[in-house]
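Encoded as structure tokens, the structure appears first; notes follow it.
Reminder, nothing fancy here: chain letters follow the sequence lines and each chain counts from 1.
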Amino acid sequence: MNTPAPEKPIDLLASVGPFRSRLPAVQAYLYPLLSVALVTVVGKIVTPFFDIVNVTLLYVLPVLVAAVRWGLKPSLFASFLGVLAFDFFFVPPVYSFAKADPKDLAVLATFLLVGIVTATMATRLRNEVARTRKEEKRTLALYSLSQRMASKADLDEIAQTFARTAAEAAGGQVSILMPEKGSLVLREVAAHPRRGTRLSEKEQAVVQWVLEHGRPAGRGTETLRKATELVFPAKAGKNTMAALMIDLNEKHEALPSEQAQLVEALANLAAVAITRIRLAQEAERVQWLMESDKLHRALLNSISHDLRTPIASVMGAVTGLLEAESVRNGETTKAFLEMIKEGATRLNRFVANLLDMARLESDTLRLKTEWCDIQDIVGVTLREMHDAVRDRPMRIDIPPDLPLVAADFALIEHVLINLLENGVKYSPPGSEISLTVRTSETALLVTVADHGPLIPEHERDHVFEKFYRLQYSKSTDGTGLGLSICKGIIEAHGGEIWVDPSSGPGNSFTFSLPIREQPSMQAEEEEGERHVV
Amino acid sequence: MSSDAIRIMVIDDEIQIRRVLTVVLTQHGYDVREAASGGEGLSLAATLKPDLIVLDLGLPDIDGVEVLHRLREWTQTPVIILSVREDESDKVVALDAGADDYVTKPFVMGEFLARVRVALRRRAEETDEPVLTFGELTLDLARRLVTVRGEKLKLSATEYEVLKCLATYKGRVVTHAHLLRTIRGRHHHGDSHYLRVYIAQLRRKIEEDPNHPQYIITEPGVGYRLTTTG
């Protein structure tokens, strides 16, 4: 089986967490300083051509840039620095902080105010945009996760994916727990399990509470906040299907709300996926029950008919014999007795078929495999069927030196009995039945052929179904089980069975048994044994 | 019933089986006693000392093989096992524990009676016989000579051993394990596939039609027996 290519991880982490400047603090303040210096230089250059009021506008630029790139504090720093620079370098008296005109102070104050407001608003805007982008990313990630989940049919795979994703999002160990048949089952654990997979009683209590109430509990919530872990419910509608238990590292007081929201969203997605799978499983089970029910009814019908028929003939013959002497003579008596024997034999075979079917159905068919000589099995079968094939010319064609097959002797015998019985039943009395054995490169092929009416092509596969009766044979007695049992037995051996029109008129049933490597045989001749004369 | 009649004891909890066996065996001149349980059978056997015991494996009180063990503690009287087809391993266990032969329910009376005769013969003829005959098959053990339908057969040493083992059982079933022990005495590992091959070879030499064996009969799951038109 091919292992599917590992799926690309869904990067939810990128969508979580506050935006932080990537630069260390020193640089975050150094760059505003430099940009203010740059503006000062530029200002000095253009002052001869423009009014100094225009220069103030220039000083707004570092504030804006700092707000967008480095955050609130650097931008406030830039604004403050800008005011100082403007005062020092441009406001008369130039190159001093003293002010000649009190109006200038007002200008400076206003400028500072403008700077602060700009910094604050720009930062807020920047954060807003970042947040929106984050949310967009998160929504996309959740969407693609949910799409991926829609195609999965395995509960374990789903639990695995969710646990992993949630562990990334939460930054801690995540365990998924589901109630199954009354007890709590730990489905999946992800992200550096640093402890065992057994739940402590406290943990169990928290999980139980969450499953019952459908609300988060544990650290950072209103319920059971002393617990070391945080448990989220995975809900679909009103039902809580599972619980996500997050084991936070000691340093966390509680899960930041953004991450908590994300985990909650994941939990609900998980719940939907789990519900879907549960429903699918339920549907399968109902389907199976319906099939099973149909089969049981067919079986009861079959048993009722096919058991009663031979019993009826036995009863008839026996009561006939017990009747007063009247019409009896030696021949009639013998005929009655033969009927009883035949009825009993048929009953016995029917029981054998039922037992085989029960074993096949229960899926615990353990083959008693041993090395078998097919000629041996044929010999036993023919002895067993002696009476049934008594009036039929039998042509047996088994070449010498066939390889041994690994098989269950008794079961293959049953297959041959069923095939021969069918051959006798569905072909004209007195017509020949043949049994041929051949080998292919990989298998032993056994063919039972008769001269009965051909099975139509469209029915050739169906004959091997349970209780299937051909259109023209509904009146003949028989279970309709025989061929399906043959198929079950042969397939359990790794072989195949099929029906073809034979070379002569009639049907030819062939089954194959795989030939494995033959066991080693030391030749006697090597040992120099003397032969017995 | 003359006191010389061969005494057979039937131990089976099912009355229908006891009834039909008693009727048929009596018709053939045997003196039949019945026991309906293992316990009853064991105590009855001690007082009656029958010439042959027919023992059902599926007894309600004591396990059939256990009854056999207890019998074998003090008597070598022939025992024929009755069992249902599916319990093949039980039959093998019983045979290894000292049972002489078995019959599977539902059985054919002719077969059953033949096995009774064979088992009784064992008791009667304890002395070693140099020449064993089965229909048209003859084994001269003293001269290591095998003929079938008048013709001498050429057998390998192991084939001869297998045939001889089957023959000395004079029609009783011989388990796979026992046959393998015979072969194992030689150089082979004595795995079951060897046995299959030797039997196939023997059949080709002895049987008129190897597809319809008349001499070497397979008892599925148990072993083989040498008989005449089984």
Problem set entry | Pair B:D13 + B:R18, salt bridge at N-O below 4.0 Å | no
For this session: Consider only side-chain N and O atoms of A:S427 and A:R392, and report whether a donor and an acceptor are under 3.5 Å apart.
Result: yes
For this session: Sequence neighbours left out, what passes side chain to side chain contact (heavy atoms under 4.5 Å, CB included) with A:S512? Give chain and number order.
Result: A:A443, A:L445, A:E496, A:W498
For this session: Enumerate by number any residue of residues 369-377 of chain A whose heavy atoms lie under 4.5 Å from heavy atoms of chain B; in the absence of such residues, state 'none'.
Result: A:E370, A:W371, A:C372, A:D373, A:Q375, A:D376
Exercise. Non-hydrogen atoms of chain B under 4.5 Å away: do they reach the side chain of A:I396, the backbone, both or neither?
Worked result: both
Exercise. Do B:E34 and B:T22 have a side chain donor and acceptor closer than 3.5 Å?
Worked result: yes
Exercise. Salt-bridged, B:R204 to A:D401, with N to O below 4.0 Å?
Worked result: yes
Exercise. Counting heavy-atom pairs under 4.5 Å to chain A, which of B:R203, B:R196, B:H212 comes out on top?
Worked result: B:R196
For this session: May I ask you to say whether B:D100 pairs ionically with B:R172, meaning some side-chain N is under 4.0 Å from a carboxylate O?
Result: yes
Exercise. Does a side-chain N-to-carboxylate-O contact under 4.0 Å join B:R115 and B:E219?
Worked result: yes
